[in-house]
Amino acid sequence: MEIPPHGYGIVHYWIACGTHLNEVTVLDAQVKDTGVEQMLLEVENYWSAWLNRLKLDLNILPREVARLFKRSLLIMRTHVDNHGGFLASLDSDIMEIHKDTYSYVWPRDGSMAALAFTSAGFTDVAAMFFGFCSKVIAKTAFSATNTCQMVHLEAPGMR
């Protein structure tokens with residue numbers, strides 16, 4: 001692509017991943033057949049429809065606050081895999097220093113995110129998380145001697 005001085009151009013590229021060359025070839029052909037612009041439009045429509053399930057009335061908020069709330073929900077959703085695991089972080093720059101990622105699922109943090117999804121009306125996302133937990137947390141992981149007791153905490157001045 002030639003771009004004149006002070007001009008601009010748009011380039012689309014994609015990465016097709018699979019376990020076999022045939023899978024990658026099929027994915028690449030799907031992108032070429034459908035077209036990048038059409039696929040981007042379909043993705044935008046999917047996530048717009050997902051957000052439209054929101055059970056909260058955001059009309060009482062300033063437009064920018066409502067926009068940021070919706071954007072936050074979308075960002076939270078990017079941390080949920082299709083099997084229900086809520087990843088702590090998708091950030092990979094930690095690899096440079098610590099040779100590790102933070103792509104872990106923490107039940108405590110995931111429970112807080114599940115509460116946020118539930119409060120916004122996305123109970124299906126929370127249900128996926130608890131289904132994930134029921135599969136990966138061992139039944140013998142907790143005993144009478146090492147369980148944590150739940151305590152009721154109140155913020156100062158709250159009754």
Side-chain angles (χ1 to χ4, degrees), residues 10 12-19 23-24 26-28 30-95 98 100-144 146-159:
I10 296 175
H12 294 288
Y13 70 94
W14 56 92
I15 300 172
C17 300
T19 56
E23 284 180 77
V24 173
V26 168
L27 289 171
D28 182 59
Q30 286 175 340
V31 173
K32 289 176 180 173
D33 291 344
T34 304
V36 174
E37 292 84 3
Q38 179 62 34
M39 292 183 95
L40 290 171
L41 179 63
E42 290 173 10
V43 168
E44 182 180 345
N45 289 340
Y46 175 85
W47 290 109
S48 291
W50 184 82
L51 270 178
N52 285 336
R53 295 176 25 216
L54 188 64
K55 302 289 189 223
L56 300 174
D57 181 11
L58 302 180
N59 291 322
I60 61 171
L61 299 173
R63 176 174 278 146
E64 180 64 10
V65 172
R67 187 186 72 75
L68 289 172
F69 180 81
K70 289 179 179 181
R71 185 178 198 157
S72 296
L73 280 171
L74 288 170
I75 291 170
M76 285 173 51
R77 183 59 179 88
T78 66
H79 286 74
V80 181
D81 78 8
N82 289 333
H83 301 285
F86 288 14
L87 299 173
S89 176
L90 299 177
D91 193 2
S92 62
D93 67 342
I94 194 172
M95 283 292 292
H98 299 290
D100 194 6
T101 67
Y102 209 65
S103 298
Y104 297 102
V105 174
W106 301 108
R108 178 201 62 189
D109 299 1
S111 296
M112 287 186 257
L115 177 60
F117 279 118
T118 299
S119 297
F122 297 96
T123 56
D124 57 322
V125 180
M128 285 186 349
F129 170 71
F130 292 116
F132 171 84
C133 288
S134 72
K135 292 176 191 157
V136 299
I137 296 176
K139 304 262 187 270
T140 58
F142 300 99
S143 69
N146 68 0
T147 55
C148 296
Q149 291 187 335
M150 295 189 66
V151 268
H152 177 72
L153 298 175
E154 289 185 346
M158 300 290 287
R159 287 272 176 216

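To the nearest 0.5 Å, atom CD of residue E44 and atom CG of residue L41 are 6.5 Å apart. Between the CG atom of L61 and the CZ atom of F69 there is a distance of 8.5 Å, given to the nearest 0.5 Å. Atom CH2 in W47 sits 13.0 Å away from atom CG in N52 (nearest 0.5 Å).
The two residues V105 and P107 come nearest to each other via the heavy atoms O-CD, 3.7 Å. Smallest separation of non-hydrogen atoms from A16 and L27: CB-CB, 3.9 Å. Across all their heavy atoms, M39 and Q30 have their closest contact at SD-O, 4.4 Å. Residue T78 comes nearest to I75 through the heavy atom pair OG1-O, 2.5 Å, listed as atom of the first residue, atom of the second, then distance. Considering every non-hydrogen atom in both S119 and L56, the closest pair reads O-CD2, 3.7 Å. A114 and F86 get closest at one heavy-atom pair: N-CE2, 3.5 Å.
Around CZ of R71, the count of heavy atoms belonging to other residues, nucleotides or ligands within 6.0 Å does not exceed 12. Dense packing is recorded around CZ of R53, with more than 12 heavy atoms of other residues, nucleotides or ligands lying under 6.0 Å away.
For the side chain to side chain contact (heavy atoms under 4.5 Å, CB included) criterion with V80, the lone passing option out of F122, F132, F117, F129 is F117.
In this structure, W106 and S111 have side chains that are not in contact, with every pair of non-hydrogen atoms separated by 4.5 Å or more. Contact annotation: the side chain of M76 never approaches that of V125 to less than 4.5 Å [non-hydrogen atoms, C-beta and beyond]. Using a 4.5 Å heavy-atom cutoff, the side chains of M128 and D124 are not in contact.
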Would K70 and L74 satisfy side chain to side chain contact (heavy atoms under 4.5 Å, CB included), going step by step from the backbone distance to the final call?
CA-CA 6 Å; K70 289 179 179 181; L74 288 170; 5.7 Å; no
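Q38 contributes no side-chain N or O that, together with a main-chain N or O of T34, makes up a donor-acceptor pair within less than 3.5 Å. The backbone N or O of V24 lies less than 3.5 Å from no partner atom in the side chain of D28, so there is not a single donor-acceptor pair.
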